[in-house]
Participant: 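Following this message is one structure expressed as structure tokens.
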Amino acid sequence: MITKPKGCYDIYGEEGRYFQKISEVVTMLAEVYHYEFIRTPIFESSELFHRGIGESTDVVKKEMYDFTDKGNREMTLRPEGTAGVVRAYIENKLYGEPTQPIKFYYNGTMYRYERPQSGRDRELTQFGLEILGTDDPIADAEIISFGFQVYQVLGLKNVKVRINSLGDKDSRMVYRQKLVEYFKPHIHEFCEDCKERFLENPLRILDCKVDAQNPILKDAPKTLDSLNEESQTHFQNVCDYLDILGIPYEIDPTIVRGLDYYNHTVFEYECEIAGKKLAIGGGGRYNGLVELLGGPSTPCVGFASGIGRVSLAMKEEGIPVEPDQIDAYLLYVNEEEKKYAVYLSQELRLAGFKVETEYLGRSLKSQFKQAERLGASFLIILNSEELDRNEIKVKNTHTKKEEMISLDTLIYYLDEQLPSFHDEECDCCNHEEE
Ligand code: HAM
């Protein structure tokens with residue numbers, strides 16, 4: 001048997017419903033917050049990610065799906081969405097559009113060669129937002145609040161928003177120097193990767209997975225103590241706007257993020273899943289990335305969230321996503337009735353009803369069972385003689401009431417009956433009147 005690659009999943013059934021539900025909420029909110037959809041290629045030139053994400057990051061060092069294509073070009077399956085969006089912004093000269101800033105949202109698969117475990121996949125689906133072309137802290141606050149609202153609408157109650165600031169380029173330089181001085185006497189106690197990180201980018205030591213529990217990390221200098229006045233003001237403004245928006249957050253000086261392009265605001269949304277803390281989303285400001293990739297200096301901010309992790313968080317909190325119930329099931333026995341079922345199911349579907357019919361030529365009894373399995377609200381039983389009289393039998397599966405109605409009134413009948421159907425008491429389910 002050929003099996004799926006490690007760390008990848010077939011997403012269908014219950015998991016498929018979670019994915020769809022999360023995507024629907026993201027699309028709905030992205031529209032009201034006025035973000036435009038963007039889809040960039042799933043693979044891009046390797047250089048984009050090496051330069052954009054940073055050579056010293058784990059993502060670039062250890063997790064890239066690199067390959068050489070048939071034309072001998074170095075390519076990479078995208079590990080995240082931001083670098084591709086920035087490349088598209090530059091290549092399509094979107095910085096020249098009159099409607100700045102540009103606000104994009106996306107939803108797609110990303111690839112990271114990680115050690116697979118719960119919530120850590122090799123093929124993952126992220127939704128994300130990017131605002132390109134503004135330095136205003138209201139953009140940072142809008143992005144943070146968007147993520148929070150997505151989780152709220154999905155029903156998540158235990159999401160913690162943790163924010164920090166890395167400061168601007170100058171503040172980061174000061175911070176880097178403090179880290180070098182702090183780690184220098186201890187670096188021999190760290191893993192081999194951290195020894196390299198110490199030389200390349202000591203900030204990366206702070207999010208090392210191997211040394212995460214090393215007590216030396218706990219007392220390491222904090223970015224907030226190295227912010228210059230401008231960076232402090234930016235961060236204070238972000239916090240003020242979050243207060244206005246009513247977004248609860250914690251300032252957490254340990255957040256540094258695992259990608260090199262950040263400056264100023266960084267943040268994560270954290271949930272506890274099976275007793276472990278897991279980031280279901282994260283992002284921040286990246287004012288230098290457009291320039292780094294060859295575009296004009298453009299301040300940007302964004303975030304992304306792993307749909308698989310959001311789905312895990314929803315299950316942890318016991319938030320169900322029930323299968324869609326169908327409005328009506330069309331039952332038939334003979335060929336003439338079948339033809340009518342074919343015609344009528346299309347008419348009803350085009351009128352907006354969720355309709356199913358029989359595909360396997362089962363007995364009428366088995367069709368009743370199938371309709372029950374699919375949770376049909378109404379059964380529409382086609383009978384040649386009744387159809388000749390322009391009549392049709394409809395059965396409400398809750399009240400068990402059967403009615404013979406005129407064919408011409410079927411759509412009006414369903415329109416009228418369906419809203420009250422779900423409020424009715426019945427023997428087959430336990431719902432209670434509010
Ligand atoms: P990131 O923190 O690397 O940021 O990923 C964002 C989210 O993707 C994580 O919080 C997590 O929910 C999910 N994720 C990451 N890796 C995995 C994995 N192996 N398995 C399952 N889920 C995963 C970024 O990707 C940035 N591009 C976010 C951003 C956008 N920053 C600015 N704009």
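Counting starts at 1 for both ligands and their atoms, following the listed order. Along the sequence shown, the residues carry numbers beginning at 1. Since the structure is predicted, the reported quantities are computational estimates derived from the model, not experimental observations.
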Participant: Keeping the roles fixed (side chain from R197, backbone from L203), state whether a donor-acceptor pair exists under 3.5 Å.
Facilitator: no

Participant: Taking atom types as modelled and ignoring hydrogens, do the side chains of T134 and D136 form a donor-acceptor contact shorter than 3.5 angstrom?
Facilitator: no

Participant: List the atom of E291, the atom of S297, and the distance in Å for their closest heavy-atom pair.
Facilitator: OE1-CB, 3.5 Å

Participant: In the protein, what heavy atom is nearest to atom 8 (O) of ligand 1, and what distance, to one decimal place, separates them?
Facilitator: Q126 NE2, 3.0 Å

Participant: Does G258 reach ligand 1, in the sense of a heavy atom lying below 4.0 Å from it?
Facilitator: no

Participant: Using distance alone, with no hydrogens and no angle criterion, decide if N164 and T223 have a side-chain donor and acceptor under 3.5 Å apart.
Facilitator: yes

Participant: Identify which of Y113, Y262, Y286 has a heavy atom lying nearest to atom 29 (C) of ligand 1.
Facilitator: Y262

Participant: Less than 4.0 Å is my threshold; does some heavy atom of A279 fall inside it relative to ligand 1?
Facilitator: yes

Participant: For atom 19 (N) of ligand 1, find the nearest protein heavy atom and state the residue, atom name and distance (0.1 Å precision).
Facilitator: E114 OE2, 2.6 Å

Participant: Examine F190 together with F183 and report whether their ring centres are nearer than 6.0 Å.
Facilitator: yes

Participant: How far is atom 22 (N) of ligand 1 from its nearest protein heavy atom, and which residue and atom name does that atom have?
Facilitator: R309 NE, 3.4 Å

Participant: Under 4.0 Å from a heavy atom of R120: which atoms of ligand 1 are those, numbered in the order shown and with their elements?
Facilitator: 18 (C), 19 (N), 20 (N)

Participant: Which residue and non-hydrogen atom of the protein lie closest to atom 14 (N) of ligand 1, and at what distance in Å?
Facilitator: L124 CD1, 3.7 Å

Participant: Between D324 and R17, is the closest basic N to carboxylate O distance under 4.0 Å?
Facilitator: no

Participant: Polar-atom distance check: S305 versus ligand 1, any N or O pair below 3.5 Å?
Facilitator: no

Participant: What is the nearest protein non-hydrogen atom to atom 24 (C) of ligand 1, stated with its residue, atom name and distance?
Facilitator: L259 CD1, 3.6 Å

Participant: Between the side chains of S231 and S171, is a donor N or O closer than 3.5 angstrom to an acceptor N or O?
Facilitator: yes

Participant: Indicate yes or no: does an N/O atom of I280 lie under 3.5 Å from an N/O atom of ligand 1?
Facilitator: yes

Participant: Is the closest heavy atom of R122 to ligand 1 under 4.0 Å?
Facilitator: no

Participant: Please determine, by modelled atom types, if E130 and Y286 share a side-chain donor-acceptor pair under 3.5 angstrom.
Facilitator: yes

Participant: Show the atoms of ligand 1 that are less than 4.0 angstrom away from any heavy atom in E80.
Facilitator: 25 (O), 26 (C), 27 (N)

Participant: Any nitrogen or oxygen of G81, side chain or backbone, less than 3.5 Å from one on ligand 1?
Facilitator: no

Participant: Below 30° counts as parallel, above 60° as perpendicular, anything between as tilted: where do the rings of H264 and H234 land?
Facilitator: tilted

Participant: Who passes ring-ring contact (aromatic ring centres under 6.0 Å, His included) against F303, sequence neighbours left out?
Facilitator: F127, Y269

Participant: Not counting sequence neighbours, list each pair that qualifies as a salt bridge (Lys or Arg N to Asp or Glu O under 4.0 Å) and has a residue in residues 1-13.
Facilitator: none

Participant: Test your reading of the structure: does E130 have an N or O sitting under 3.5 Å from an N or O of ligand 1?
Facilitator: yes

Participant: Using a 4.0 Å cutoff against the non-hydrogen atoms of A304, which atoms of ligand 1 qualify?
Facilitator: 6 (C), 7 (C), 28 (C), 29 (C), 30 (C)

Participant: Distance to 0.1 Å, residue and atom name: give those for the protein heavy atom nearest to atom 16 (N) of ligand 1.
Facilitator: R112 NH1, 3.3 Å

Participant: Looking only at side-chain N and O atoms, does N396 offer a donor or acceptor that is under 3.5 Å from a partner on S377?
Facilitator: no

Participant: To which protein heavy atom is atom 20 (N) of ligand 1 closest, and what is the distance rounded to 0.1 Å?
Facilitator: D121 N, 2.8 Å

Participant: Checking T357 against Y332: is there a side-chain donor and acceptor pair closer than 3.5 Å?
Facilitator: no

Participant: Of all the heavy atoms in G119, does at least one lie under 4.0 Å from an atom in ligand 1?
Facilitator: yes

Participant: Under a 3.5 Å cutoff, is there a donor and acceptor pairing between the side chains of N228 and Q232?
Facilitator: no

Participant: Mark up the atoms of ligand 1 that fall under 4.0 Å of a heavy atom belonging to G283, in ascending order.
Facilitator: 31 (N)

Participant: Only heavy atoms of G281, strictly under 4.0 Å: list the atoms of ligand 1 that pass.
Facilitator: 10 (O), 12 (O)

Participant: In terms of residue, atom name and distance, what is the protein heavy atom nearest to atom 26 (C) of ligand 1?
Facilitator: Y261 OH, 3.3 Å

Participant: With a heavy-atom distance limit of 4.0 Å, tell me whether M110 approaches ligand 1 through its side chain, its backbone, both, or neither.
Facilitator: neither

